[in-house]
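Below, each value reflects all heavy atoms present in this structure, side chains not excepted, and no hydrogens, waters or symmetry copies. Counting from 1, the numbers follow the sequence of the chain as shown.
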Amino acid sequence: MSKAASRFAFVSSDTADAKAALQSLSNRYGQASIEDAEIVVALGGDGFLLQTLRDTMSTGKKVYGMNRGTIGFLMNEYRASGLAERIATAAAETIRPLEMLAVTHEGETVSALAINEVALWRQSYQTAKIRITVDGQERLEELNCDGVMIATPAGSTAYNLSAHGPILPLDAPLLALTPVSPFRPRRWRGALLSNKATVRFDILEPEKRPVNAAADHTEVKAVASVTVRESPTATATLLFDPNHSWNERILAEQFRY
């Protein structure tokens, strides 16, 4: 194994294409352990990349994704050749996840990190009733809705965009607070908040109108309250080909709608 090859740890999702790419690239460049590697190369789709970022959070590892999934908004184009050269010229984007602290109706406390969003949604046929407090001040006494979320700039083009939330530039010091199918107030479109804000959601009538919460893939059922803030310590670093940076993708996305 060459010195260059020992820099890379290849990881893949469970799809056939991703596994085949893992075998091909590790044969070509060698395979280091994640602990010893400088760069973790994630092969799969956006969901697998987010999982890889969570697994390497705050380790100092840089993650370079190549698309072996479907949409691949966060991924670089897959090519087997010239990997060392591509990574050497890649642009690094460091992001901070959200911290979710959820308290269930039974009093259990669950914490989790979210790179994209923390989302709440109704668990039954009844609309959810949620009180929203920002930095200790009540901002919305009662939101009747299917759900509501806090999205990071990195996650603003995911579930947030599907719910008609705003797209945020990656370096914007903002969070998007976006309702999902609001019933009352019917015309409330959400809010842009400082990334220093702490947001608390209190579930009203939790027994009659149960609500689930999720920080990306970590789901908590029957929550009584959820508190969200940007993590002051955790970070993750992504690498992008210079001609297809994340900022450029987010900017281009805003002219597609």
Side-chain angles (χ1 to χ4, degrees), residues 9-15 17-19 22 34 40-59 61-75 93-105 108-124 128 130 146-163 165 168 170 175-180 195 199 201 203 210-231 233-238 246 250:
F10 298 98
V11 294
S12 79
S13 66
D14 290 331
T15 67
D17 284 348
K19 287 182 176 180
L22 172 65
I34 292 179
V40 177
V41 180
L43 305 163
D46 289 341
F48 181 73
L49 179 65
L50 291 175
Q51 181 60 56
T52 303
L53 288 172
R54 284 188 288 268
D55 291 343
T56 58
M57 188 76 66
S58 299
T59 63
K61 306 296 181 185
K62 296 178 180 179
V63 178
Y64 183 84
M66 286 202 287
N67 189 22
R68 292 285 82 188
T70 50
I71 297 174
F73 181 81
L74 305 177
M75 312 298 280
E93 299 282 2
T94 298
I95 58 176
R96 289 191 181 276
L98 298 174
E99 291 181 347
M100 177 187 77
L101 182 65
V103 179
T104 70
H105 184 60
E108 180 186 2
T109 299
V110 180
S111 61
L113 296 176
I115 294 169
N116 273 354
E117 76 279 316
V118 172
L120 290 74
W121 64 92
R122 63 187 176 103
Q123 189 177 328
S124 71
I130 302 172
D146 281 351
V148 64
M149 77 187 79
I150 292 281
T152 66
S156 67
T157 56
Y159 185 20
N160 173 74
L161 181 58
S162 297
L168 304 177
L170 195 60
L175 301 173
L177 173 60
T178 302
V180 179
N195 64 339
V199 182
F201 303 99
I203 311 308
V211 170
N212 292 353
D216 287 349
H217 75 303
T218 302
E219 184 175 356
V220 184
K221 295 185 179 297
V223 295
S225 69
V226 176
T227 303
V228 183
R229 67 169 185 166
E230 183 182 81
S231 173
T233 56
T235 60
T237 301
L238 272 169
W246 202 349
I250 289 176

For the backbone of [Y] and the side chain of [X], can you confirm whether one donor and one acceptor N or O come within less than 3.5 Å of each other?
{"X": "D46", "Y": "L74", "value": "yes"}
{"X": "T104", "Y": "A222", "value": "no"}
{"X": "S156", "Y": "L168", "value": "yes"}
{"X": "T56", "Y": "T59", "value": "no"}
{"X": "D216", "Y": "I115", "value": "yes"}
{"X": "N160", "Y": "A176", "value": "no"}

Would you compute the distance between atom [atom1] of [X] and atom [atom2] of [Y] and round it to the nearest 0.5 angstrom?
{"X": "I203", "Y": "N212", "atom1": "CD1", "atom2": "CG", "value": "9.5 Å"}
{"X": "L238", "Y": "Y64", "atom1": "CG", "atom2": "OH", "value": "11.5 Å"}
{"X": "S231", "Y": "N195", "atom1": "OG", "atom2": "CG", "value": "11.5 Å"}
{"X": "F10", "Y": "L43", "atom1": "CZ", "atom2": "CG", "value": "7.5 Å"}

Among residues two or more places apart or on two chains, list those pairs meeting salt bridge (charged side-chain N to carboxylate O under 4.0 Å, His left out) that have a residue in residues 217-230.
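Listed by first then second residue: E99-R229, E219-K221.
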Atom NZ of K61 with >12 non-hydrogen neighbours under 6.0 angstrom:
yes
Taking the side chain as every heavy atom from C-beta outward, state whether [X] and [Y] have any atom pair closer than 4.5 Å.
{"X": "V199", "Y": "T227", "result": "no"}
{"X": "L98", "Y": "I150", "result": "yes"}
{"X": "S13", "Y": "R68", "result": "no"}
{"X": "V226", "Y": "L101", "result": "no"}
{"X": "M100", "Y": "V220", "result": "yes"}
{"X": "N116", "Y": "Y159", "result": "no"}

For [X], check side chain to side chain contact (heavy atoms under 4.5 Å, CB included) against everything at least two apart and list the hits.
{"X": "D55", "result": "Q51"}
{"X": "T70", "result": "none"}
{"X": "N67", "result": "M75"}
{"X": "T52", "result": "V11, V40, A42, F48, V63"}

Looking only at non-hydrogen atoms, find the nearest pair between [X] and [Y] and report the distance.
{"X": "A151", "Y": "E117", "value": "CA-CB, 3.9 Å"}
{"X": "A163", "Y": "M149", "value": "CB-CE, 3.8 Å"}
{"X": "V41", "Y": "M66", "value": "CG1-CE, 4.1 Å"}
{"X": "A114", "Y": "T152", "value": "O-CG2, 4.5 Å"}

R96: side chain to side chain donor-acceptor pair (under 3.5 Å) partners, not counting sequence neighbours
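Listed in chain order: nothing, the list is empty.
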What I want to check is whether the side chains of T237 and T94 have a donor and an acceptor closer together than 3.5 Å.
yes
May I have the step-by-step check of side chain to side chain contact (heavy atoms under 4.5 Å, CB included) for I130 and F201, ending in yes or no?
CA-CA 6 Å; I130 302 172; F201 303 99; 3.8 Å; yes
So V211 and W121, side chain to side chain contact (heavy atoms under 4.5 Å, CB included) or not? Walk me through it.
CA-CA 6 Å; V211 170; W121 64 92; 6.0 Å; no
Quick one, V103 with E108, criterion side chain to side chain contact (heavy atoms under 4.5 Å, CB included). Give me CA distance, side-chain angles, the key distance, then yes/no.
CA-CA 6 Å; V103 179; E108 180 186 2; over 6 Å; no
